[in-house]
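Taking it in order: structure first as structure tokens, then the write-up.
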There are 2 protein chains.
Amino acid sequence: MPPRQEIPEIRQNLTRRDLTSAAIALIEREGLSALTMRRLASELDCAPMSLYTHVRSRDALIDAIVDHLIEQLDLQQPGGESWQQLVRQTLDRYRDLAVQLPNSFELLALAPYDSSPVAPHLGNVVAGLEHAGLSREKARQILGIVDAYASGFLVVWARSRARAAAGELADDELGMTGMRDLEMFDRGLEALIAGLDATLVRGELP
Amino acid sequence: MPPRQEIPEIRQNLTRRDLTSAAIALIEREGLSALTMRRLASELDCAPMSLYTHVRSRDALIDAIVDHLIEQLDLQQPGGESWQQLVRQTLDRYRDLAVQLPNSFELLALAPYDSSPVAPHLGNVVAGLEHAGLSREKARQILGIVDAYASGFLVVWARSRARAAAGELADDELGMTGMRDLEMFDRGLEALIAGLDATLVRGELP
DNA sequence: ACCTGAACACCGTTCAAGT
DNA sequence: ACCTGAACACCGTTCAAGT
């Protein structure tokens with residue numbers, strides 16, 4: 001009885017994408033704090049150290065997750081004409097991502113502007129705004145401001161929502177929660193666009 | 001030779017405030033990730049478990065730190081008349097806190113709205129805005145929107161700044177950093193106030 | 001009431017070794 | 001190239017014990 005030629009017992013060909021997909025699924029299921037190298041490895045049925053074949057460190061894993069999230073954002077290219085339409089479309093997709101992946105969202109939203117996965121993506125958006133007629137300087141200023149608004153709103157919205165889902169709310173604390181529902185996100189964005197148009201784009205130097 | 005009556009070898013009377021002060025100092029010196037129970041204990045020259053006499057858990061410690069930061073914010077009471085002045089003053093102090101304690105700031109800025117230290121503080125600001133003539137509903141909406149903007153802007157500003165200080169910048173990544181300097185914080189806030197006045201306060205239902 | 005050491009169940013990561 | 005177990009230096013927190 002000859003021995004079997006192939007013994008494919010060991011799981012091979014684990015890809016970077018397998019890591020980020022499993023990581024995002026884990027974060028959405030159990031929260032950001034559940035993302036540990038050991039926990040992710042057990043999720044992928046491999047030894048903790050196997051992850052380091054595909055990723056240099058935990059920080060590099062998080063950069064890869066942010067890359068993955070940015071790819072999701074870029075699936076539909078915006079097709080607006082005015083800078084206002086472009087900003088609306090860009091932030092709508094940003095908000096949709098926060099709704100779809102609330103626990104992972106802050107990894108993207110709070111990443112420093114100069115981090116390697118984020119900077120090129122922001123460069124693309126700035127280029128789009130320039131194409132819509134803004135100077136590069138105004139485009140950067142406007143993107144910085146609307147992105148700050150959207151990130152701040154959606155991160156705290158997602159965190160408060162996670163807490164509510166976990167049932168950590170006392171009755172007398174419920175009053176403030178409604179301050180930040182998603183309807184207000186759109187109203188605030190419209191106010192911001194109107195104000196930016198009046199003061200930064202059409203307005204003279206104050 | 002009689003034994004000494006008092007042997008005050010063991011450090012007593014450690015207060016909650018000692019914990020939060022030392023914690024904030026530690027965070028500013030070495031970053032948020034340096035805040036561990038064991039590290040903080042060694043900073044205070046006590047055993048790790050001594051901290052649990054004053055604080056139920058690490059999460060409770062962080063709530064206490066947020067309380068401490070809110071007290072700093074409330075040191076000067078605002079004295080504006082219009083809601084616009086009130087918003088400006090409130091956010092100026094918020095920005096100053098981010099400048100003064102950049103590494104601790106996000107503990108306050110990203111705390112869920114319904115968390116126990118934050119909710120009463122927000123209630124006070126809402127009351128001030130009502131006193132300036134806004135309905136409670138409008139006051140909440142406006143506070144939610146300007147706070148989202150300020151938190152998002154300042155947290156990413158502080159994080160990017162910490163990275164820059166640590167010298168993690170590649171040359172070709174420097175372009176985006178200027179997108180978010182503090183001058184733009186004020187310009188964005190003015191745009192937001194103008195837009196809110198036009199669309200939410202003076203404007204009819206859109 | 002306030003402080004403490006030992007112990008438990010976790011972390012990220014280095015290293016040397018396997019295929 | 002890809003995977004692995006053992007080991008190291010850390011975590012937060014429980015428990016039983018000291019003053």
Side-chain angles (χ1 to χ4, degrees), chain A residues 2-24 26-27 29-66 103-104 107 115 163 166 168, chain B residues 2-24 26-27 29-66 103-104 107 115 163 166 168:
Chain A
R4 309 227 322 77
Q5 309 280 99
E6 304 205 355
I7 313 178
E9 291 294 337
I10 295 178
R11 160 72 125 357
Q12 215 111 357
N13 293 346
L14 205 57
T15 68
R16 240 174 119 85
R17 200 122 239 269
D18 291 332
L19 298 210
T20 56
S21 299
I24 290 171
L26 175 60
I27 292 169
R29 198 175 348 108
E30 307 194 21
L32 247 186
S33 64
L35 180 67
T36 68
M37 299 300 273
R38 294 169 122 104
R39 198 79 177 59
L40 179 59
S42 90
E43 212 74 20
L44 290 163
D45 280 317
C46 70
M49 285 313 300
S50 306
L51 303 179
Y52 289 84
T53 304
H54 305 93
V55 116
R56 190 176 36 78
S57 67
R58 187 175 184 274
D59 279 352
L61 169 66
I62 286 176
D63 277 354
I65 295 172
V66 172
N103 292 346
S104 314
L107 293 180
S115 74
R163 271 172 56 94
E168 293 186 37
Chain B
R4 305 211 350 59
Q5 309 280 100
E6 304 205 356
I7 314 178
E9 291 294 336
I10 293 176
R11 160 72 123 354
Q12 214 111 355
N13 293 347
L14 205 57
T15 69
R16 239 173 120 86
R17 198 123 244 263
D18 291 332
L19 298 211
T20 56
S21 299
I24 290 171
L26 176 60
I27 293 169
R29 199 173 352 105
E30 308 194 21
L32 248 185
S33 64
L35 178 68
T36 69
M37 299 301 273
R38 295 168 121 104
R39 197 81 178 59
L40 179 59
S42 89
E43 212 74 19
L44 289 163
D45 280 317
C46 69
M49 285 313 301
S50 306
L51 303 180
Y52 289 84
T53 304
H54 305 93
V55 116
R56 191 177 35 79
S57 67
R58 186 176 185 274
D59 279 352
L61 169 65
I62 287 176
D63 277 353
I65 295 172
V66 172
N103 292 346
S104 314
L107 294 179
S115 73
R163 271 172 57 96
E168 293 187 34

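Quick caveat, the model's predicted, so the values are computed rather than measured.
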**Residue A/Met49, side-chain atoms from C-beta onward, closest of C/dC3, D/dG5, D/dC3** = D/dG5
**Request:** Would you check if B/Leu14 and B/Cys46 make a side-chain contact, meaning some heavy-atom pair closer than 4.5 Å?
**Result:** yes
**Prompt:** Hey, does B/Leu32 have a side-chain heavy atom less than 4.5 Å from the side chain of B/Ile27?
**Reply:** yes
So which heavy atom on [X] is nearest to which on [Y], and how close?
X       : Y       : result
A/Leu44 : A/Ala22 : CD2-CB, 3.7 Å
A/Ala23 : A/Leu40 : N-CD1, 3.7 Å
B/Ala34 : B/Leu26 : O-CD2, 3.6 Å

**Asked** Which ones in residues 32-42 of chain A lie close to DNA chain C, meaning a heavy atom under 4.0 Å from one of its atoms?
**Response** A/Thr36, A/Met37, A/Arg38
**Prompt:** A/His54 side chain to A/Leu19 main-chain N or O, any donor-acceptor pair under 3.5 Å?
**Reply:** no
**Message:** For the backbone of A/Asp18 and the side chain of A/Ser21, can you confirm whether one donor and one acceptor N or O come within less than 3.5 Å of each other?
**Reply:** no
Just distance, no hydrogens or angles: give the donor-acceptor pairs under 3.5 Å from side chains in residues 57-65 of chain B, sequence neighbours left out.
{"unit_1": "B/Ser57", "atom_1": "OG", "unit_2": "B/Asp59", "atom_2": "N", "d": "3.4"}
{"unit_1": "B/Ser57", "atom_1": "OG", "unit_2": "B/Ala60", "atom_2": "N", "d": "3.3"}
{"unit_1": "B/Arg58", "atom_1": "NE", "unit_2": "B/Leu35", "atom_2": "O", "d": "3.4"}
{"unit_1": "B/Arg58", "atom_1": "NH2", "unit_2": "B/Leu35", "atom_2": "O", "d": "2.8"}

**Prompt:** Quick one: CD on A/Glu30 to CD on A/Glu43, what's the gap to the nearest 0.5 Å?
**Reply:** 6.5 Å
**Complete:** Sorted by chain and number, sequence neighbours left out, side chain to side chain contact (heavy atoms under 4.5 Å, CB included) with B/Arg38 holds for B/Thr36, B/Pro48
Separation of [X] atom [atom1] from [N] atom [atom2], in whole Å?
X       : N      : atom1 : atom2 : value
B/Asp18 : C/dC2  : CG    : P     : 12 Å
B/Arg58 : C/dC11 : CZ    : P     : 15 Å
B/Leu19 : C/dC2  : CG    : P     : 12 Å
B/Leu26 : D/dC11 : CG    : P     : 11 Å
B/Leu61 : D/dG12 : CG    : C1'   : 12 Å

**Request:** With a 4.0 Å heavy-atom cut-off, tell me which residues in residues 50-57 of chain B come close to DNA chain D, sorted by residue number.
**Result:** B/Tyr52, B/Ser57
**Item:** Partner residues of A/Arg56 under the salt bridge (charged side-chain N to carboxylate O under 4.0 Å, His left out) criterion, sequence neighbours left out
**Value:** none
**Prompt:** Using Watson-Crick and G-U wobble pairs whose two distances are both under 3.5 Å, how do you write the pairing of DNA chain D as dot-bracket, with | for links to another strand?
**Reply:** ||.|||||...|||||.||
